[in-house]
**Q** 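I am attaching a structure below and will ask some questions about it afterwards.
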Amino acid sequence: MVLPGKVGDSLVDTQDMHKRLQKELTALMKDPPTGVKVDAESIYKNLSEWIVDLDGAPGTLYAGESLQLLFKFGSRYPFDSPQVMFVGPNIPVHPHVYSNGHICLSILTEDWSPALSVQAVCLSIVSMLSSCTEKKRPPDNAFYIKTCSKNPKKTRWWYHDDNV
């Protein structure tokens, strides 16, 4: 099945991106990690934007919570990282998640590798949430949400806390 892409990308880049995304989608739908579910309807509308439902892991501060991630893929995916952010009514309160849904996680920017996948990103985010010991926003949340770009990839992140 071929799904629609974003208009304006070069044909070669878009075909490569679509091929990779269709492969990842098939794998993720066939054998999803626990608590991760792809919203197939959203992907059918546009293969370059995915909604992924996450369930908070049992035994963590987020147990029983239903969360949503939005993945936006550019034509250079997987060589460029996707834009990933929390969306919907339940943005988790976490020291690395801003109230607008932006996520401060190095694999989403400078530590991105084409070897990573949507599944790997989801598992990293679930792990980040699961290791949290206190629900709180980043200390600069109020300033950040007033001054940031809508695209979290345009943020110049400063990674200073690995102990959450």
**Q** Are side-chain heavy atoms of V97 and H102 found at a separation under 4.5 Å?
**A** no

**Q** Please assess R137 against S99 for the test side-chain contact (heavy atoms from CB on, under 4.5 Å), listing each intermediate value before the final yes or no.
**A** CA-CA 7 Å; R137 291 280 178 219; S99 58; 3.7 Å; yes

**Q** Test your reading of the model: is there a side-chain donor-acceptor pair from S127 to the backbone of L123, 3.5 Å cut-off?
**A** no

**Q** Could you tell me if the side chain of D55 sits less than 4.5 Å from the side chain of S66, heavy atoms only?
**A** yes

**Q** I want to check something: taking the side chain as every heavy atom from C-beta on, are P92 and L129 in contact at a cut-off of under 4.5 Å?
**A** yes

**Q** Would you compute the distance between atom CD of Q119 and atom CG of L25 and round it to the nearest 0.5 angstrom?
**A** 12.0 Å

**Q** Can you name the one residue among L108, L105, L69 that meets side chain to side chain contact (heavy atoms under 4.5 Å, CB included) with V121?
**A** L108

**Q** So, taking the atom named OG in S131 and the one named CG in L61, what distance separates them when rounded to the nearest 0.5 Å?
**A** 9.5 Å

**Q** Determine the minimum heavy-atom distance between S130 and A57, stating which atoms define it.
**A** OG-CB, 3.5 Å

**Q** Counting only heavy atoms not in K136 (residues, nucleotides, ligands), do more than 12 fall under 6.0 Å from its NZ?
**A** no

**Q** Please state whether the rings of F73 and F71 are parallel, tilted or perpendicular, taking 30° and 60° as the class boundaries.
**A** parallel

**Q** Does the side chain of S42 reach to within under 4.5 Å of the side chain of E49, using non-hydrogen atoms?
**A** no

**Q** Taking only residues two or more places apart in sequence, or in another chain, which ones meet D80 in a salt bridge (Lys or Arg N to Asp or Glu O under 4.0 Å)?
**A** R76

**Q** Any link between I107 and F86 through a network of hydrophobic side chains (Ile, Leu, Val, Met, Phe, Trp, Tyr) touching at under 4.5 Å?
**A** yes

**Q** Measure the CG-CG distance between N141 and N100 for me, rounded to the nearest 0.5 Å.
**A** 7.0 Å

**Q** Report yes if the side chains of I125 and V84 come closer than 4.5 Å at any heavy-atom pair, otherwise no.
**A** yes

**Q** Less than 4.5 Å apart, side chain to side chain, heavy atoms only: is that true for D39 and V52?
**A** no

**Q** For the residue pair S48 and M17, what are the closest heavy atoms and their distance?
**A** CB-CE, 4.1 Å

**Q** Counting C-beta onward and ignoring hydrogens, is there a side-chain heavy-atom pair between W50 and L70 closer than 4.5 Å?
**A** no

**Q** Looking just at side-chain N and O atoms, do H94 and Y62 make a donor-acceptor pair shorter than 3.5 Å?
**A** no

**Q** Please give me the minimum heavy-atom distance between Y77 and L21, naming the atom from each residue.
**A** CE2-CD2, 3.6 Å

**Q** Quick one, M128 and I103 - any side-chain contact, counting heavy atoms below 4.5 Å?
**A** yes

**Q** Please tabulate, one pair per line, all N/O donor-acceptor pairs under 3.5 Å involving side-chain atoms of residues 26-38, not counting sequence neighbours.
**A**
residue: T26; atom: OG1; partner: Q22; partner atom: O; Å: 2.9

**Q** Where is the tightest heavy-atom contact between Q68 and D53, given as atom of each residue plus distance?
**A** NE2-OD1, 2.9 Å

**Q** Can you see whether D140 engages Y98 through a side-chain donor-acceptor pair at a distance of less than 3.5 angstrom?
**A** yes

**Q** Quick one: salt bridge (Lys or Arg N to Asp or Glu O under 4.0 Å) partners of R20, sequence neighbours excluded?
**A** E24

